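Below is one structure, written out as structure tokens; the observations come after it.
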Amino acid sequence: MSETLANLLQETRQFPPPAELAAAANVTAAAYDEAAADRLAFWARQAGRLDWSKEWDEILDWSNPPFAKWFVGGQLNVAYNCLDRHVAAGNGDRVAIHWEGEPGDNRTITYADLLAMTSQAANALTDLGVVAGDRIAIYLPMIPEAAVAMLACARIGATHSVVFGGFSADSLSNRIQDATAKVVITADGGYRRGKPSALKPTVDEAVSRCPSIEHVLVVRRTGQDVAWTDKDLWWHETVETASTEHTAEAFDAEHPLFILYTSGTTAKPKGILHTSGGYLTQVAYTHHAVFDLKPETDVYWCSADIGWVTGHSYIVYGPLANGATQLMYEGTPDTPHRGRFWELIQKHKVTILYTAPTLIRTMMKWGADIPDQYDLSSLRLLGSVGEPINPEAWMWYRENIGRGGCPVVDTWWQTETGAIMISPLPGVTAAKPGSAMRPLPGISADVVDDQAGSVPNGGGGFLVLREPWPSMLRTIWGDDERFVDTYWSRFEGLYFAGDGAKKDDDGDLWLLGRVDDVMLVSGHNISTTEVESALVSHPSVAESAVVGATDPTTGQAIVAFTIPRGSVDTSGEAGEALIAELREHVSKTLGPIAKPRQIMLVAELPKTRSGKIMRRLLRDVAENRSLGDVTTLQDSSVMDLISAGMRSSKSDED
Ligand code: WT7
């Protein structure tokens, strides 16, 4: 039988939870047994962390797969659960959001404040004619009004569609049209890299193509000049003058909460639909379990943008449902200096940090002497999400940010899953650097081969989910057929996520990247992630992206684009020597089959706006093709630099 996906990387380091954390952990090992004994009863108990206006009749209706209904017949208000109940419990004075603007301005918003702001926005939207079921587009920078706008929609049963503030007029108008949104909530602009960056002109252009839009609500953030149309209304004149009293009405557990578009690489974006009761149950539970949140004492910070699902689930809904105090930051990590993140952690005594591998590897490139200048002793737990985290980046994060004493939780999930699915439990799991470890209690994930057979320990294949979960996507907005085709047709009865994974000898899970990126070298399926991790394990390397390029002898050959760490000399002969050394290093770490044909030393890698490496573009470069679509690139000049370097480098052959 041929291997589905090779298992090359061996990692033996393992870090048990700190005793103090384990002793007081929110969730213990018993949760796995409880969930295994009765999965639905387990989720019903987690739903009990929320306030329901009406109890459900049935926990799960799976009579028409893959269309799930959770907590059937139950009713709740999502915003009430995130705000009112905390105020009613006497916690109105607790800080919900410590907000830091990029230029250095800041705001402190308590739960009582956030409830008042959300009530005003709910009243204003209702006055504009918005009713339950209407769609509202939100196109805002990372300011508190973004959370307020989302919560106000949830409060009145409108379905929000947040569009990341870096997207173009085309992307925005396509998303507005697909959802036939009635209102857009935006701002004059936001601050990015030290400058005001306009948003309103993009909205004007998009809205001119969107007849469904009746009103544009504009937050004044930067004070820059804006053109004005008869659809436009200032937030401060409309929302901030509305009543701060608003009574939340309960909606069905399956009432649509939000649509979030996910693009994949080039295909038409898919409007991922999430609903209310099951979604809120799982984001609240996972935030409590995976981050071990103690709402009275922790200061939590998720550095994602609210425009991504990470921001929806782990800035807005999960943390607020749990009554957390959190930091929210508007800007980039290097403005006004490369220590900004660590300065913010020191200032607010952040205890839990949730960020992305791309950021960790950037910090590695900049050097550990930057975080060393700050007091990070408040930190007690670190999280990672968005891409596989290379073992060496994991170790760097643990040692240089966590100062050796914080558990690191690598959390696997997707826009489609709505909430974390695979992750260590910080008080239970002895985590291995680079592994997401086990499915959370109540989640059933597996790795299967071509024939949907479960692979044995030590084997690689396709990551699937065997049972429905509360925060699962319900469909693709307006396209049930595409929902079935995209996620449920590759393997009968299983959700296929598109990711490759392996089980190690203990049965712990290692994510190996998108299966579309897997390389076929001399008959072996090799994951880009493993070769990238081998490169990053060399002390001179900060980050690497690996692709398979067509090769006359091996089918595909491995080509690596590698960013050296800040202090490394890469000029002339030193660069050539480093390349030779890195090829040997990969060969020694993973075996000769994984030795890259070619290694390019580069200064940057092409990334999507959410920080994922765009290997498709690098494949074009490696095969000397003209570049495909670059519109989703964060910074398109990166590709010119890489292409220029590629042409001048000699391709060395053995
Ligand atoms: C894809 C989903 C989940 C919120 C942010 C991204 C990759 C995500 C991990 C992880 C390895 C990961 C997968 C997944 N991914 N987390 N911990 N280890 N890969 O959401 O944009 O929907 O992307 O991100 O490939 O399928 P998304």
Side-chain angles (χ1 to χ4, degrees), residues 9 162 164 167 258-265 267 269-274 282-283 286-287 290 302-318 354-361 382-391 393-394 397 408-424 431-440 443 445 447 462-465 469 471-473 476 486-487 495-502 508-518 527-530 532-533 607-616 632 634:
L9 191 75
V162 180
F164 173 61
F167 277 143
F258 66 85
I259 303 168
L260 186 58
Y261 287 84
T262 174
S263 56
T265 40
K270 304 182 281 278
I272 304 301
L273 179 69
H274 284 288
Q282 194 174 332
V283 294
T286 52
H287 184 257
V290 172
C302 167
S303 72
D305 193 279
I306 243 173
W308 311 123
V309 74
T310 310
H312 284 53
S313 300
Y314 297 105
I315 295 177
V316 179
Y317 293 113
Y354 192 29
T355 192
T358 177
L359 191 113
I360 298 164
R361 293 185 304 245
L382 303 174
S384 170
V385 63
E387 281 186 293
I389 177 165
N390 322 102
W394 193 104
Y397 192 29
V408 176
V409 289
D410 173 19
T411 64
W412 178 88
W413 58 296
Q414 308 178 295
T415 304
E416 291 86 341
T417 69
I420 299 171
M421 304 293 281
I422 306 176
S423 167
K432 300 172 183 170
S435 171
M437 302 301 289
R438 297 276 166 138
L440 288 176
I443 298 300
V447 181
F462 305 93
L463 181 72
V464 296
L465 301 168
W469 62 99
S471 65
M472 65 195 281
L473 77 166
I476 293 174
T486 309
Y487 303 109
Y495 172 89
F496 173 50
D499 284 352
K502 69 178 186 187
D508 295 320
L509 299 175
W510 295 73
L511 274 297
L512 296 179
R514 308 292 296 171
V515 291
D516 305 339
D517 292 332
V518 168
S527 115
T528 53
T529 302
E530 290 202 312
E532 288 161 4
S533 291
K607 302 212 175 134
T608 65
R609 289 161 207 269
S610 63
K612 292 194 209 294
I613 296 169
M614 291 182 77
R615 292 181 188 73
R616 180 175 56 81
T632 50
Q634 192 185 27

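Every number for a ligand or one of its atoms is a count from 1 in the order of the listing. Predicted model only: the values in this text are computed from it and were never measured.
- Contact annotation: the side chain of Thr415 never approaches that of His312 to less than 4.5 Å [non-hydrogen atoms, C-beta and beyond].
- With a 4.5 Å cut-off on side-chain heavy atoms, Leu440 and Ile420 count as touching.
- Contact annotation for Val309 and ligand 1: only side-chain heavy atoms (C-beta onward) come within less than 4.0 Å of the ligand.
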Start with the C-alpha distance between Thr411 and Tyr314, add both sets of side-chain angles, then the distance that settles side-chain hydrogen bond (donor to acceptor under 3.5 Å, both in side chains), and finish with yes or no. CA-CA 12 Å; Thr411 64; Tyr314 297 105; over 6 Å; no
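- Taking a cut-off of under 4.0 Å to the non-hydrogen atoms of Gln414, the atoms of ligand 1 that pass are 2 (C), 3 (C), 14 (C), 22 (O), 26 (O).
- The distance from ligand 1 to the heavy atoms of Thr411 drops below 4.0 Å at these ligand atoms: 9 (C), 10 (C), 16 (N), 17 (N).
- For Trp413, the closest heavy-atom approach to ligand 1 falls below 4.0 Å.
- Residue contacts with ligand 1, taken as heavy atom pairs separated by less than 4.0 Å, involve Thr415 via backbone and side-chain atoms alike.
- Contact of the Lys612 side chain with the Thr358 side chain is not registered, since no non-hydrogen atoms from C-beta on lie closer than 4.5 Å.
- The proximity of Lys612 to ligand 1, defined as any non-hydrogen pair under 4.0 Å, is limited to the side chain.
- Partners of Asp305 according to the salt bridge (charged side-chain N to carboxylate O under 4.0 Å, His left out) rule, which considers only residues two or more places apart in sequence or in another chain, do not exist here.
- Checked by distance only, ligand 1 and Glu387 come closer than 3.5 Å through their nitrogen or oxygen atoms.
- For the ligand labelled ligand 1, residue Gly386 lies inside the 4.0 Å heavy-atom shell.
- Thr529 and Asn390 make their closest contact through O-ND2, 4.4 Å (heavy atoms, listed as atom of the first residue, atom of the second, distance).
- Inclusion of Thr310 in the set of residues having an N or O under 3.5 Å from an N or O of ligand 1 is not warranted.
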